[in-house]
There are 2 protein chains.
Amino acid sequence: MLVSMLGCGVVGLGVYNIIKESEDFKIANVLVRPVEKDVVPETVFNIDDIVSDNSEVVLECMGGVDFAYMCAEKCIGAGKSFITSNKALVAAKGLELSRLAEEKGVSFLFSAACGGAIPVLHNISVARETDRILNCGGILNGTTNFILSSLREGKFVSYKEALDEAKKLGYAEADPTADVSGMDTMRKVILLSAVAFGKLPVDGYSVEGIENIDLCPYKYKRDEYTVKLIGRAKHNEDGSVTAYVEPAIFKTNSTFGSVNSNFNMAFYTGENSGRISIFGQGAGRVPTASAMMRDLTEILRTVKGSRSVMISESCEGVSVMNEAEKHNYILAFKGEKPEFTEPVSVAFMHSRVKKERESGRECFFAAFYENAEV
Amino acid sequence: MLVSMLGCGVVGLGVYNIIKESEDFKIANVLVRPVEKDVVPETVFNIDDIVSDNSEVVLECMGGVDFAYMCAEKCIGAGKSFITSNKALVAAKGLELSRLAEEKGVSFLFSAACGGAIPVLHNISVARETDRILNCGGILNGTTNFILSSLREGKFVSYKEALDEAKKLGYAEADPTADVSGMDTMRKVILLSAVAFGKLPVDGYSVEGIENIDLCPYKYKRDEYTVKLIGRAKHNEDGSVTAYVEPAIFKTNSTFGSVNSNFNMAFYTGENSGRISIFGQGAGRVPTASAMMRDLTEILRTVKGSRSVMISESCEGVSVMNEAEKHNYILAFKGEKPEFTEPVSVAFMHSRVKKERESGRECFFAAFYENAEV
């Protein structure tokens with residue numbers, strides 16, 4: 001099978017190398033930006049060279065939304081299947097691209113966009129065919145988990161120190177905002193929700209990151225509890241969706257509490273299967289490339305037109321309802337003793353904290369899970 | 001798609017109910033033993049009624065080896081795809097049935113036979129197409145994990161008490177020998193190895209269960225460590241396979257240590273993907289039925305002849321080499337202080353203990369994992 005690629009950076013070169021060793025696939029063209037070096041012999045600089053080539057599948061690992069979307073539209077429009085690891089693209093334009101792919105009878109797969117080598121999107125898309133998915137989510141960002149784990153292990157005394165080390169080790173980008181603000185995790189939750197429930201959250205979700213972790217009362221090695229950044233989506237009885245990202249406190253000997261370093265753990269709960277959790281390396285060149293190869297093999301093996309898009313035709317964009325989901329929270333204002341709240345809704349808690357911050361108070365909050373279940 | 005079933009007990013009735021609600025599948029016939037009650041309208045009492053019907057796929061959930069094998073041979077021989085949850089059948093006759101299925105161009109799938117709803121065999125069979133699997137295994141038996149977890153939580157003071165409770169709750173069979181001896185776990189390791197490496201261990205593996213857990217020094221709530229029954233298969237550099245089942249001691253805050261109650265956790269390590277661990281309910285009517293439905297959907301969706309058998313044609317039966325794999329063990333003789341061994345091979349440790357027992361000494365041993373990696 002002849003394939004082309006968009007982008008040949010960290011992940012792209014990983015994919016390129018695996019394909020070069022494979023017997024099933026051959027590379028036609030690789031699009032790189034004119035400023036990049038001409039690293040591989042198949043390099044082209046114009047997307048139209050790929051649109052008009054004989055490749056059946058295009059693999060995108062460039063990142064960014066606008067240019068990637070333009071390329072995706074052109075390639076799918078030309079009848080090529082499209083595989084991407086770009087979660088920002090899928091969160092923003094997944095519905096449109098899925099519909100175009102269905103119209104053209106080609107595949108649009110993105111299992112590398114959530115969890116890297118962890119096959120959670122793949123498994124959910126298989127499971128939903130014979131099961132009803134009730135909820136999904138997990139620890140979905142390796143950078144923040146590395147920072148939280150390092151603080152807990154006592155390697156660093158402050159968020160800033162841990163973040164600097166994460167940058168040095170290549171776990172955090174030069175601009176880590178998307179990671180530490182929780183937005184990267186939220187995009188993954190959006191993808192999980194779209195694939196699991198057929199509902200893609202477009203607004204109303206609540207996102208809290210880890211920037212205020214220095215105020216967290218449970219971040220020390222001696223504690224029985226540990227803090228993790230979790231994302232969650234739930235399909236409510238009335239058809240609405242709950243979706244949010246926030247710090248959460250678990251027992252250290254729980255399944256969630258045991259996820260350390262830059263690892264991820266994703267879960268889904270099926271009505272028949274019960275809770276399934278998948279744990280592994282959530283990012284990195286080779287794991288992410290390996291997830292894109294899984295999608296590529298899927299295209300080769302699957303009956304054309306069946307399970308070709310992970311977001312189904314009937315998927316709709318929805319506003320999130322975070323009023324019904326309630327937690328006990330730990331709330332810590334700078335210079336004050338942390339307080340435990342009564343059960344309050346996710347929406348209430350996030351909006352309360354927003355107001356407090358607007359009035360100039362620094363604070364940290366986290367949902368408190370006495371049991372491992374999220 | 002028309003399907004028939006063999007057996008309509010706990011799992012069978014679960015599958016039957018899911019299929020009845022599905023739009024993609026219809027049931028032709030259900031074979032039950034003449035002594036069983038005629039519970040469903042599609043009941044037949046003779047396998048030949050199914051061999052000669054128009055079903056494309058047969059789902060087996062009877063258990064046992066000899067009769068199930070005869071049925072499987074007849075059905076596959078008649079050009080029907082075959083799905084089973086029967087790990088004893090696959091461990092004993094998987095090679096023969098896979099080859100027959102490949103010859104006939106039909107599917108032979110058994111992802112429910114290891115880990116119930118946990119899609120570990122499915123994920124390995126997908127992963128191995130673009131990755132090299134280095135090792136696999138896990139906590140693969142819910143009955144023993146329930147017993148070990150209950151003892152640790154201080155719910156019971158002895159192995160016998162915990163086992164009796166497991167029987168009462170339906171987690172253990174009336175005859176629990178296969179579970180507590182480790183043999184059920186070993187059969188699952190055999191399947192994992194066959195799917196992951198294309199090598200089906202036929203002899204030479206080492207199996208130790210949990211019958212001597214009362215002698216274990218780390219079974220109390222206050223301990224930093226906890227004991228689990230793990231199975232493991234490893235593809236060695238020289239092409240040989242290491243495969244064994246034995247108790248192992250983990251930190252309570254490790255991923256393995258956090259698997260409680262009757263849960264399972266399976267893992268595999270791919271050269272590209274790194275370690276992937278999957279955690280969930282390993283048995284039970286609905287989870288196991290849901291895994292069989294996953295295989296059934298796979299047959300519907302997959303290009304005929306591709307990925308149709310989980311054990312590939314080139315799979316070979318091999319003798320296991322347990323000499324190279326070494327651990328520090330904890331060895332506890334009745335009435336004596338437990339000792340820590342130097343690193344010794346799995347084969348050596350299992351054979352040493354066998355000799356000690358032959359000379360009348362009661363003992364318990366477990367591999368000691370300071371880190372979470374198995």
Margin query: Just so I know, are the side chains of B:Ile18 and A:Asn272 near enough to count as touching, which here means a heavy-atom distance under 4.5 Å?
Written below: yes
Next item on the list: Would you mind checking which part of B:Tyr268 comes under 4.5 Å of any heavy atom in chain A, side chain (CB onward), backbone (N, CA, C, O), both or neither?
Entry: side chain
Check: Does B:Glu129 pair with A:Arg294 as a salt bridge, N-O distance under 4.0 Å?
Finding: no
Notebook entry, point to check: Can you tell if the side chain of B:Val259 reaches within under 4.5 Å of the side chain of A:Thr255, non-hydrogen atoms only?
Noted result: no
Check: With respect to chain B, which residue among A:Ala266, A:Ala289, A:Ala117 yields the maximal number of heavy-atom pairs within a distance under 4.5 Å?
Finding: A:Ala117
Margin query: With chain A as the partner, which of B:Thr226, B:Ile278, B:Asp24, B:Ile118 has the greatest number of non-hydrogen pairs under 4.5 Å?
Written below: B:Ile278
Next item on the list: Identify which of A:Asn253, A:Thr288, A:Asp131 forms the greatest number of heavy-atom pairs closer than 4.5 Å to chain B.
Entry: A:Asn253
Checklist line | Separation between OG1 of A:Thr130 and CZ of B:Phe25, rounded to the nearest 0.5 Å | finding: 8.0 Å
Item checked: Part of B:Ile276 within contact of chain A (heavy atom distance under 4.5 Å) -> both
Item checked: B:Lys26, NZ: over 12 other non-hydrogen atoms inside 6.0 angstrom -> no
Next item on the list: Please round to the nearest 0.5 Å and tell me the distance separating atom CE of B:Met265 and atom CZ of A:Phe279.
Entry: 7.5 Å
Note to self: Counting C-beta onward and ignoring hydrogens, is there a side-chain heavy-atom pair between B:His122 and A:Asn123 closer than 4.5 Å?
What the structure shows: yes
Check: What residue, out of B:Pro119, B:Ser22, B:Gly274, has the most heavy-atom pairs lying under 4.5 Å from chain A?
Finding: B:Pro119
Note to self: With chain B as the partner, which of A:Pro287, A:Ser277, A:Gly280 has the greatest number of non-hydrogen pairs under 4.5 Å?
What the structure shows: A:Ser277
Notebook entry, point to check: How many angstroms lie between OG in B:Ser258 and CZ in A:Phe250, if you round to the nearest 0.5 Å?
Noted result: 12.0 Å
Check: Considering only heavy atoms from C-beta outward, does the side chain of A:Ser273 approach that of B:Ser290 to under 4.5 Å?
Finding: yes
